[in-house]
Enquirer: 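Let me give you the structure first, and then I'll get to my questions.
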Amino acid sequence: MCQIACEWSGVPVQENEIKNLTNDLGAMFESAGAVGPNHWMGRNARNSVEKWIGEIIEKVRNGTLIPPENTALYIFAMHRDSEGNFLDTVTTAVEVINILRPIVAIAIFINFILLALHHYPEEKEKLKSGDEKYTQKFIQEVRRFYPFFPFAMALVKKDFTWNGYKFEEGTLTLLDIYGTNHDPKIWENPDLFYPNRFAKWDGNPFDFIPQGGGDYYMGHRCAGEWVTIEVMKVSLNYLVNQIDYEVPEQDLSYSMVSMPSIPHSKLIIKDVRKRT
Ligand code: HEM
């Protein structure tokens, strides 16, 4: 995931740097809700990746590195404000990292795809036909069913009332992502893994919110939702139709309160064979 994220964003990375970069980007999202050592691992990782990307941005600006023009690296590095100035290097580096990090995080959804295939082998059979509509429904159900990002946090900017609830400025507020995706008022038998439920879903942006709710353009719904779905589809097809593998004994449980949540064993597969 790290390699494709870099390639797509125009960030040059050497083969021998990928492992460290993956670990650093992973530490950043695995520490999203952490305190203590994990939090500090995330902070250190952020500092070192910011410095490294910052140097790359300087090279783009002084012409010693020329990434393709339609990549995030090029567009962010060469962006000028209304007065003709570049963004400061740290802000630009953070924006580039905001593209790389969540693409690497899609690996967690791929873990949950593997878990679903393991727990519901009958689904694997249905997916073998490569039916695009069923693949889409399966991916949506993985994103609804599992608690990757159980909640999102925000500070209330100014007082407001919504549906009779008062929100006061400065209050820390949680959006219950998992709870909304499992709300029995919205979803029939919410704890059943049932991809075909999406045949009837009407696209309401407040019902199904694995990557935030509302509108992409006016609200904060995840700008990377389409990218995530496409990467998940390609990965699912690879796992179902291009390889065979075994799932050895391991701890497949996952937390309902961690941020992010991921199967405790991080899902190990073995005896991977490419199908001929
Ligand atoms: C890996 C799975 C992903 C999850 C679970 C996820 C989750 C989220 C959530 C919950 C938000 C809303 C945050 C809020 O309202 O406070 C968000 C926003 C955002 N995400 Fe994602 N995301 C994922 C993948 C991606 C990818 C792959 C990209 C880019 C390539 C991306 C880019 C963004 C951006 C730019 C925003 C901010 C949107 C805005 O505020 O206007 N995300 N994401």
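Counting starts at 1 for both ligands and their atoms, in listed order.
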Enquirer: Within 45° of the six-membered ring axis of Tyr245 and under 6.0 Å from that ring's centre, is NZ or CZ of Lys124 located there?
Expert: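 Cation-pi check for Lys124 and Tyr245: passes.
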Enquirer: Give a yes or no on whether a salt bridge exists between Arg197 and Glu188, defined as a side-chain N under 4.0 angstrom from a carboxylate O.
Expert: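 Judged by the 4.0 Å cut-off on N to carboxylate O distance, Arg197 and Glu188 do not form a salt bridge.
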Enquirer: Atom 4 (C) of ligand 1: which protein heavy atom is closest, and how many Å away?
Expert: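 Among all protein heavy atoms, the one nearest atom 4 (C) of ligand 1 is Gln211 CG, 3.5 Å.
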Enquirer: What residue and heavy atom of the protein are closest to atom 24 (C) of ligand 1, and at what distance?
Expert: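 Nearest neighbour among protein heavy atoms for atom 24 (C) of ligand 1, to 0.1 Å: Thr228 OG1, 3.4 Å.
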Enquirer: Using a 4.0 Å cut-off to any heavy atom of Ile106, which atoms of ligand 1 qualify?
Expert: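 Those of ligand 1 that fall under 4.0 Å from Ile106 are 1 (C), 27 (C).
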Enquirer: Look at atom 30 (C) of ligand 1 and say which protein heavy atom is nearest, naming residue and atom and giving the distance to 0.1 Å.
Expert: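 So the nearest neighbour among protein heavy atoms is Ile103 CG1, 3.8 Å.
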Enquirer: Please check: side-chain N/O of Glu123 versus main-chain N/O of Ala116, any donor-acceptor pairing under 3.5 Å?
Expert: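 No; zero donor-acceptor contacts below 3.5 Å.
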Enquirer: Which residue holds the protein heavy atom closest to atom 35 (C) of ligand 1, what is that atom called, and what is the gap in Å?
Expert: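 Result: Ala223 CB, 3.8 Å.
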Enquirer: Can you measure from CD (Gln211) to CD1 (Ile209) and round to the nearest 0.5 angstrom?
Expert: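 Here the interatomic distance stands at 11.5 Å.
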Enquirer: Heavy-atom distances under 4.0 Å decide this one: backbone, side chain, both or neither, for Pro102 against ligand 1?
Expert: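 It is both backbone and side chain that touch ligand 1.
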Enquirer: So which protein heavy atom does atom 16 (O) of ligand 1 come closest to, and at what separation?
Expert: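 Scanning the protein heavy atoms, the shortest distance from atom 16 (O) of ligand 1 goes to Met153 O, 4.5 Å.
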Enquirer: Give me the ring orientation class for Phe198 and Trp187: parallel if the planes are under 30° apart, tilted from 30 to 60°, perpendicular past 60°.
Expert: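 Aromatic pair Phe198/Trp187 classed tilted.
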Enquirer: Which of the numbered atoms in ligand 1 are under 4.0 angstrom from any heavy atom belonging to Gly219?
Expert: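 Answer, ordered by atom number: 41 (O).
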Enquirer: Between Phe193 and Phe138, is the ring centroid distance below 6.0 Å?
Expert: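 Distance test on ring centres: under 6.0 Å, yes.
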Enquirer: Got the closest protein heavy atom to atom 12 (C) of ligand 1, with its distance?
Expert: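 For atom 12 (C) of ligand 1, the nearest protein heavy atom is His220 O, 3.4 Å.
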Enquirer: Under 4.0 Å between a Lys/Arg side-chain N and an Asp/Glu carboxylate O for Asp244 and Arg275?
Expert: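 A salt bridge links Asp244 with Arg275.
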Enquirer: Hey, is Glu55 close enough to Lys51 for a salt bridge, meaning N to O under 4.0 Å?
Expert: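 Yes, this pair counts.
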Enquirer: Spell out, as yes or no, whether a donor-acceptor pair under 3.5 Å connects the side chain of Arg143 to the backbone of Phe109.
Expert: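 A pair under 3.5 Å: no.
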Enquirer: Give me the nearest non-hydrogen protein atom to atom 32 (C) of ligand 1 as residue plus atom name, then the distance to 0.1 Å.
Expert: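 Of every protein heavy atom, Gly224 N, 3.8 Å lies nearest to atom 32 (C) of ligand 1.
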Enquirer: Any protein heavy atom sitting closer than 4.0 Å to atom 26 (C) of ligand 1?
Expert: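 Yes, there is a protein heavy atom closer to it than 4.0 Å.
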Enquirer: Which residue owns the protein heavy atom closest to atom 8 (C) of ligand 1, what's the atom, and how far is it?
Expert: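 Ranked first by proximity to atom 8 (C) of ligand 1 is Cys222 CB, 3.8 Å.
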Enquirer: Counting only heavy atoms, which portion of Phe148 has something under 4.0 Å from ligand 1: side chain, backbone, both, or neither?
Expert: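 For Phe148, the contact with ligand 1 is made by the side chain alone.
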